[in-house]
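Only one structure is covered here, and it is reproduced in the block below.
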Amino acid sequence: MVSLWNKTMIATLMFTALLSCCVFPSTAELPRFDHKAKADGSLSFLVVGDWGRRGGYNQTEVAYQMGIIGEELDIDFIISTGDNFYDNGLTGVDDAAFFESFVNIYTAPALHKQWYNVLGNHDYRGDVEAQLSPILREIDSRWLCLRSFIVDAEIAEFIFVDTTPFVDKYFTDPEDDVYDWSGIRPRQNYIANLQNDVDSALRESTSKWKIVVGHHTIKSAGSHGNTHELALQLLPILEANKVDLYINGHDHCLEHISSSDSGIQYLTSGGGSKAWRGDVSWWNPMEMKLYYDGQGFMSVQITKTEVDIAFYDAFGNVLHKWSTSKQLYAAV
Ligand SMILES: *[C@@H]1O[C@H](CO)[C@@H](O)[C@H](O)[C@H]1NC(C)=O
């Protein structure tokens, strides 16, 4: 028998739960890291994606140039847009690929900064928990990889989003590869929670610049092209919260699309090793600011009033530069 008191309690609890979920937005559940900006409040970092091939396909050359540009720009950290280890992620925390594709490749002093890494679809073909494991952080303290997380660098807030679980074909195509979905199922809950967390994090952010990082493209003219699942399930959240940059890999190229749909800049830095030369579709030239089908990486410099982006090839040559500004005291 449920007493009247119990019924009242249950009703109260349910009402409270309803309120906290639907009326007052819940705070984001994502792990949060603080990264101090420079003394003047500015920040600079490099972005590399789709890289882990034991130095092959110009990975070593790109790493070398990252070291030089990283020094010049006095970078604060490095972002990896995923597909960290080819072809099938890591086999475990003791996989030699961690040394052969990461520790022994990005050796320049300027690259001995914090790395913030997301997972790509190739990483999901191996032992996902291994890449997320603190054991890798003990081996090389630069390494930080989580499924989704927040980096608060005061002037800019970064939301790293686990995009692979959004993509239907990895779940439905029987011909496709085997993925490690432990920790993802039930998939619809995972995606709904993530959407909620990203939305909360962006809404609560008071940073001047809002940057979202994921492995998969939203808009791209490359081989994989647009990821329609993200266009439907992630992009509306980014648009509603006036995100400045969406940074991704997945297409093995360097690309900048400045869409007329919103203020979001779509930046692909997927040229960390093997590039797909010539594999590009038509895109509106008014929006396409850069498409380079070779290897390279990207840099971003941020101040209170300005963001400067540059793309570099495997020789360190600048391929494209772009800047935008906001007023110093404009409302966030
Ligand atoms: C390495 O980069 C150079 C210069 O872009 C290019 O000519 C060469 O084909 C690349 N090598 C590989 C294996 O991709």
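Whatever order the structure lists ligands and atoms in, that order sets their numbers, starting from 1.
- With hydrogens left out, the protein atom closest to atom 11 (N) of ligand 1 is Asn58 ND2, 3.1 Å, a heavy atom.
- Glu287 and Ser260 share a donor-acceptor pair across their side chains, judged by distance under 3.5 Å alone.
- Protein heavy atom in closest approach to atom 14 (O) of ligand 1: Gln295 NE2, 3.0 Å.
- No donor-acceptor distance shorter than 3.5 angstrom exists from the side chain of Trp51 to the backbone of Thr81, with no hydrogens or angles considered.
- Of all the atoms in ligand 1, the ones that sit under 4.0 Å from a non-hydrogen atom of Phe315 are 4 (C).
- In this structure, a donor-acceptor pair under 3.5 Å is present between the side chains of Gln265 and Ser258.
- Closest to atom 7 (O) of ligand 1, if we only count protein heavy atoms, is Arg277 NH2, 4.3 Å.
- For Trp115 against Leu111, the heavy-atom pair with the smallest separation is NE1-O, 3.1 Å.
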